[in-house]
Each structure stands twice: as structure tokens, then as C-alpha cells.
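Data first, discussion second: the structure below is written as C-alpha cells.
Residue numbering restarts at 1 for every chain, and letters A, B, ... go by the order of the sequence lines.
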2 protein chains.
Amino acid sequence: MSKQILPIVDPCDGEAACRTPLVREPLSEAEATELAPLFKAIADPVRLRLLSLIASHEGGEVCVCDLTGAFELTAPTISHHLKVLRRVGLIDSERRGTWVYYWLNPGVLDRLSAVLGPRVVAAVS
Amino acid sequence: MSKQILPIVDPCDGEAACRTPLVREPLSEAEATELAPLFKAIADPVRLRLLSLIASHEGGEVCVCDLTGAFELTAPTISHHLKVLRRVGLIDSERRGTWVYYWLNPGVLDRLSAVLGPRVVAAVS
DNA sequence: GGGCTACTTCGACATCCATCTAAGTAGCGA
DNA sequence: TCGCTACTTAGATGGATGTCGAAGTAGCCC
């Protein structure tokens, strides 16, 4: 009846900041300098919603035209926010004909989650 | 031999933004407005390191005097960053005699991690 | 009380940032 | 090629933010 927690997935690129949560040991200056821009990118209500709209969308990608309608903001402003998210690698985009599609880059969000939290994907033997 | 993932811990205060990760369904405007300031608070390399120093410290609390030495910044600047972290509820503090001690407020960091990530603490039957 | 230490608050300043309008680019269809 | 749609880039602007020095507050000890 003993509980056993076995981490089986580490969606990590091998860096210490990914493997070790904030709470386990002090973040180095280099790690903090690398992570801060990622958190800064999501530290805006519009970008949080954009990221969520993109990440949760059926099919994994969204046309910009589907995003602008969700906000009372001009198209350049939405474009600016998308650029911020793209610059830090959270999302990527491609033009296909008239439209531009955005999708979530896998792993990056998981890494941020892993830095903050003690939660681990676990399996049982 | 089937893997089974049973969430046993949900360090959540009951709000939707906590239970449901960003990737599962679109964040509401209210949720995004509430979460953004929290991410903004940790979206700075100095505050990330401060938070990590506090969170990972033996005994759970740290004297400010132990923090200032870790940075090449003036005391007012450190004090300012601590205030930012405290304002959003990530940390709390108390004066005991000459010194002021800071500690991590439980749950808040877990909640942010839960919003970003699909990772769940799991147990096995 | 006087002086010392440990912070915090205040005020200033330079920089960054979210937003807008206007203008630019890219594809499509007539 | 002309016009239309779908963005993106450029430039401007008001507001937020990180940092500092100086001053304020709080506790301790002589």
C-alpha cells in the first residue's frame, strides 16, 4: 500500500534551471537572467490570454485573424504581443497564403512550470 | 503493467485559473488580469533569485541581511524588490528585534506552476 | 539619551513598455 | 495591374519600473 512516485518524464533541455525547482536550491545569476525574460513575456494579461488561446486551440495552431477578435485592441498591438511571445521562443509562426498561423512551441511552458513547481509527472510500477 | 496517473494533490484555492492549465482551455480576461501581476513579480532576475533564496533557505525564512550580500545592489533596491514580491502575496515578512525575516507564502508558487504546466503530482495504486 | 545597526520610505532619473496611428509588405482575385 | 484583405513595421507618447542617494524609523546597547 506504499505510495511511490517515479518521475518518468522530464521535459527538460538539460539545464539546471529546468531540472531544479526554485524552491529546491537558489537560482544562479545566469539561470535567473535566462528565465526572467520568459516570465516577463507571459507577465501581461493580453499575452497570457494570447498564449492560452494559441495553446488550447483545436489543431494546435491559430490564425491571427482568430485572435484579434478576442481583444478590444488594434491589430498592431496584437501583432506586437505575438512578437514578444515569439522572440522568447514560446510560440512560432508561419505564413500560409493570406493568413499567418501561430502555434505553441512544445517544452518551453513545461520548463517554466517545472522551475516554479514541485509537481512532477509520475508513473507507478 | 498499465501506467496509471492519479492526481492526489491539488494545491489550489478553488479558482478555475488554478485548476485548469493555460493549455487546456482559454484563460478568461479576469483570470489573466489576476495572474499577470504574479508573473510580473517574478519576471525580474533579481526577484527570481530573491524568491529562490528565500524559498530554498534552511528553516524556511531568511533575514534581509542574508539577502543583500548576494547582490551588487543597494539596500533600498533589495527592499523595493522584496516589497514587490510581498505585495502580490508570494512572500511575507516579520520584524523580530533588529532583523526582518522573509518567508515563502505556501501555495502561490504552486498555483503559478499549475497554470503553466500539465504536470501533476501523482500516486500509484 | 546618544550612537550604532538594520532596514524602509522618499524623491529623482533614466529606461522600458503598452498602445495607438500611419505607413509598409505580402498574397489573392478580378 | 488595381484593389482588397491580412498582417507587420515604424514612430510617437504617456505611463510603469529599476536603480540610486538621502532621509526616516525601529530596535539594541552603552
Side-chain angles (χ1 to χ4, degrees), chain A residues 27 29 32-54 57 59 61-103, chain B residues 27 29 32-54 57 59 61-103:
Chain A
L27 234 45
E29 188 176 349
T33 304
E34 190 199 347
L35 287 170
L38 284 163
F39 285 118
K40 191 167 288 183
I42 64 170
D44 177 278
V46 174
R47 288 198 291 269
L48 265 181
R49 289 179 63 202
L50 280 171
L51 193 63
S52 183
L53 283 168
I54 294 170
H57 197 264
E61 52 183 31
V62 196
C63 172
V64 177
C65 57
D66 291 327
L67 297 173
T68 49
F71 303 87
E72 293 189 349
L73 293 170
T74 63
T77 300
I78 299 297
S79 193
H80 158 71
H81 286 303
L82 290 171
K83 192 177 183 180
V84 171
L85 291 172
R86 203 159 68 92
R87 191 167 48 214
V88 299
L90 276 163
I91 59 177
D92 212 340
S93 67
E94 187 189 26
R95 174 173 213 123
R96 282 202 289 275
T98 306
W99 297 280
V100 177
Y101 294 88
Y102 280 82
W103 60 86
Chain B
L27 234 46
E29 187 176 348
T33 305
E34 191 198 347
L35 287 170
L38 284 163
F39 286 118
K40 191 167 289 184
I42 63 171
D44 176 278
V46 174
R47 287 198 292 268
L48 265 181
R49 289 180 63 202
L50 279 172
L51 192 63
S52 183
L53 282 169
I54 294 169
H57 197 265
E61 52 182 31
V62 196
C63 173
V64 176
C65 57
D66 291 328
L67 297 173
T68 48
F71 303 86
E72 294 188 349
L73 293 169
T74 64
T77 300
I78 298 297
S79 194
H80 159 71
H81 286 303
L82 289 172
K83 192 178 182 179
V84 171
L85 290 172
R86 202 158 68 93
R87 191 168 46 213
V88 300
L90 277 163
I91 60 177
D92 212 338
S93 68
E94 186 188 28
R95 173 173 215 122
R96 282 202 288 276
T98 305
W99 296 279
V100 177
Y101 294 88
Y102 279 83
W103 60 86

Note to self: Here's one to test your reading of the geometry: is the NZ or CZ of A/R95 within 45 degrees of the ring axis of A/Y101 and under 6.0 Å from its centre?
What the structure shows: no

- Quick one: is the NZ or CZ of B/R49 closer than 6.0 Å to the six-membered ring centre of B/F71, and within 45° of its axis? yes

dist B/L67:CG -> B/L73:CG (nearest 0.5 Å) comes out at 12.0 Å

Does the B/R47 side chain pair with the main chain of B/K40, one donor and one acceptor, at a distance under 3.5 Å? yes

Its contact letters, B for base, S for sugar-phosphate only and - for none at protein heavy atoms under 4.0 Å, make nucleotides 3-18 of chain C read ---SSBB-------SS

Residue pairs passing the salt bridge (Lys or Arg N to Asp or Glu O under 4.0 Å) test with at least one member in residues 61-78 of chain B, sequence neighbours excluded, are B/E61-B/R96

Taken to the nearest whole Å, CZ/A/F39 to P/D/dT17 is 18 Å

